[in-house]
2 protein chains.
Amino acid sequence: MTENPRPALGVAVKRPQRTDARRNFDALLSAAREAFAEHGTGASLEDIARRAGVGIGTLYRNFPTRQDLFDSVYLGEIDELCAAAVQVADLPPWEALEAWLQRFVEYAATKRAIREELNSDSEAFRLARDAMYAAGQPLFDRAQEAGVIRTDALFDDVLRMVSGLTGAGFVDEEQRTRVLQLALDGLRPRP
Amino acid sequence: MTENPRPALGVAVKRPQRTDARRNFDALLSAAREAFAEHGTGASLEDIARRAGVGIGTLYRNFPTRQDLFDSVYLGEIDELCAAAVQVADLPPWEALEAWLQRFVEYAATKRAIREELNSDSEAFRLARDAMYAAGQPLFDRAQEAGVIRTDALFDDVLRMVSGLTGAGFVDEEQRTRVLQLALDGLRPRP
DNA sequence: ACTATAGCGGAGGGCTGCCTCCGGTACTAG
DNA sequence: CTAGTACCGGAGGCAGCCCTCCGCTATAGT
């Protein structure tokens with residue numbers, strides 16, 4: 001799960017060579033994932049090191065800045081999300097877009113830090129946003145050309161709408177799905 | 001603007017008697033409003049005191065806990081928002097609901113702290129949520145009875161959807177309005 | 001087995017924020 | 001004007017976080 005060496009979105013921190021070092025590296029990554037999800041962007045680095053059962057020095061050696069750690073945790077996942085866009089490509093236009101967005105919300109809903117950062121203008125997240133656009137725009141265009149999305153809607157509108165929904169704190173998964181569908185129905189052409 | 005003594009939502013901190021003390025009290029409130037909007041719930045209290053040109057002791061005397069300050073800043077405003085629900089009551093059902101929600105988004109969009117807290121389960125914000133429900137539900141019901149809102153939508157869905165949109169970070173006010181309208185269109189009955 | 005070295009970890013200095021406490025200030029009533 | 005007191009403000013103790021530095025340890029190649 002964490003040992004995937006894929007060069008996510010071009011921003012990378014190199015994984016150490018020695019086996020013990022790799023174990024620590026992975027433990028840090030997974031501790032950070034937890035902490036960021038729980039406390040958002042500002043999670044304590046010392047706490048992350050503690051969770052990982054590792055000295056604070058080890059954290060800093062692997063990830064010199066908070067941003068490095070943050071990027072390592074999330075960019076890979078965003079990458080996967082983008083990849084999911086091609087997996088839905090064989091569905092009908094509307095269903096494909098819907099499925100992808102649903103997956104996006106599902107993913108982001110539990111990641112407080114992602115939500116905080118999504119609207120920020122940090123370097124790495126500009127990349128992430130761009131990637132999301134590159135992945136989603138074709139789905140959107142296809143649906144629009146097929147006439148199942150009103151012509152006055154922009155993909156940017158949709159993405160931001162869905163980003164917002166992501167942080168809305170629903171009572172359960174079911175409501176989340178329901179509301180997303182409600183909102184997406186607003187995209188259909190009015191008769 | 002800040003000298004309104006209305007007992008907002010029942011949670012209150014009493015405003016001091018002496019004129020100089022009242023000046024400080026108001027200065028704190030307005031500094032806090034700024035700071036909370038800017039840095040969210042975790043804004044530094046010492047910074048707020050500084051902005052208000054007041055000693056930290058004065059802040060703590062007036063607002064013993066962060067929550068007290070927070071409540072004093074926001075509950076009054078929420079109260080106003082609820083009051084706005086009756087002001088739109090003479091519009092047609094759909095337009096009334098739309099206008100009220102639009103106003104809600106407009107208000108909350110600039111208040112980072114509100115967004116953070118809206119989904120929390122803090123005591124005071126349960127009150128606020130309840131008040132919002134009491135204010136908005138009638139608008140919603142009326143629209144639903146008038147047949148301009150699909151029957152499978154719940155008011156809770158709508159409120160959460162709109163809460164979410166509130167934190168979506170749009171490029172400009174125009175986009176915010178547009179997206180909200182898009183999302184709300186999803187509430188209309190499908191032909 | 002042995003050694004060179006990649007990697008470890010936590011002590012420590014600096015910083016910021018929280019909150020209390022109390023000597024001093026300045027308003028207001030008379 | 002004066003006295004009583006409501007109110008001020010910041011020094012100071014505590015806590016948590018950031019980040020660096022360096023003596024020690026465990027690994028990997030021979």
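Every chain is numbered from 1 and lettered A, B, ... according to where its sequence line falls, protein lines coming before strand lines.
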Counting heavy atoms from C-beta on, name the nucleotide in [options] closest to the side chain of [X].
X       : options                : result
B:Arg18 : C:dT28, D:dT20, D:dG10 : C:dT28
A:Tyr60 : C:dC18, D:dC18, C:dG9  : D:dC18
B:Asp20 : C:dG7, C:dC27, D:dA11  : C:dC27

- prompt: Is the phosphate of D:dC18, meaning OP1 or OP2, less than 4.0 Å from a side-chain N or O of A:Ser44?
  reply: yes
task: Please state whether the phosphate of D:dT27, meaning OP1 or OP2, lies under 4.0 angstrom from any side-chain nitrogen or oxygen of A:Thr19.
output: no
message: Less than 4.0 angstrom from a charged side-chain N to a carboxylate O is my criterion; do A:Asp26 and A:Arg22 meet it?
response: no
- prompt: Taking NZ, NE, NH1 and NH2 as the nitrogens, is one of them in A:Arg188 or A:Asp185 under 4.0 Å from a carboxylate oxygen of the other?
  reply: yes
message: Need to verify one output field. Residue with the more 5' nearest nucleotide on DNA chain C, B:Gly57 or A:Val54?
response: A:Val54
task: Name the residue closer to the 5' end of DNA chain C, choosing between A:Arg61 and B:Arg61 according to the nucleotide with the nearest heavy atom.
output: A:Arg61
Using atom [atom1] of [X] as one end and atom [atom2] of [N] as the other, report the distance to the nearest whole Å.
X       : N      : atom1 : atom2 : result
B:Phe63 : D:dC7  : CZ    : P     : 13 Å
A:His39 : D:dC18 : NE2   : C1'   : 17 Å
A:Ile48 : D:dC19 : CD1   : P     : 12 Å
A:Asn24 : D:dA26 : CG    : P     : 12 Å
B:Asn62 : D:dA6  : CG    : C1'   : 12 Å
A:Asp47 : C:dG9  : CG    : C1'   : 17 Å
A:Glu46 : D:dA15 : CD    : P     : 15 Å
A:Leu69 : D:dC17 : CG    : P     : 15 Å

Within one Ile-Leu-Val-Met-Phe-Trp-Tyr cluster: A:Val86 and A:Leu159, side-chain cutoff 4.5 Å: no
- prompt: How is B:Leu45 classified with respect to the nucleic acid when contacts are heavy atoms under 4.0 Å: base, sugar-phosphate, or nothing?
  reply: sugar-phosphate
task: Quick one: do A:Glu117 and A:Tyr74 satisfy side chain to side chain contact (heavy atoms under 4.5 Å, CB included)? Show the steps, please.
output: CA-CA 11 Å; A:Glu117 204 77 345; A:Tyr74 286 118; over 6 Å; no
task: State, without any angle test, whether A:Glu98 and A:Gln181 hold a side-chain donor-acceptor pair at a distance under 3.5 Å.
output: yes
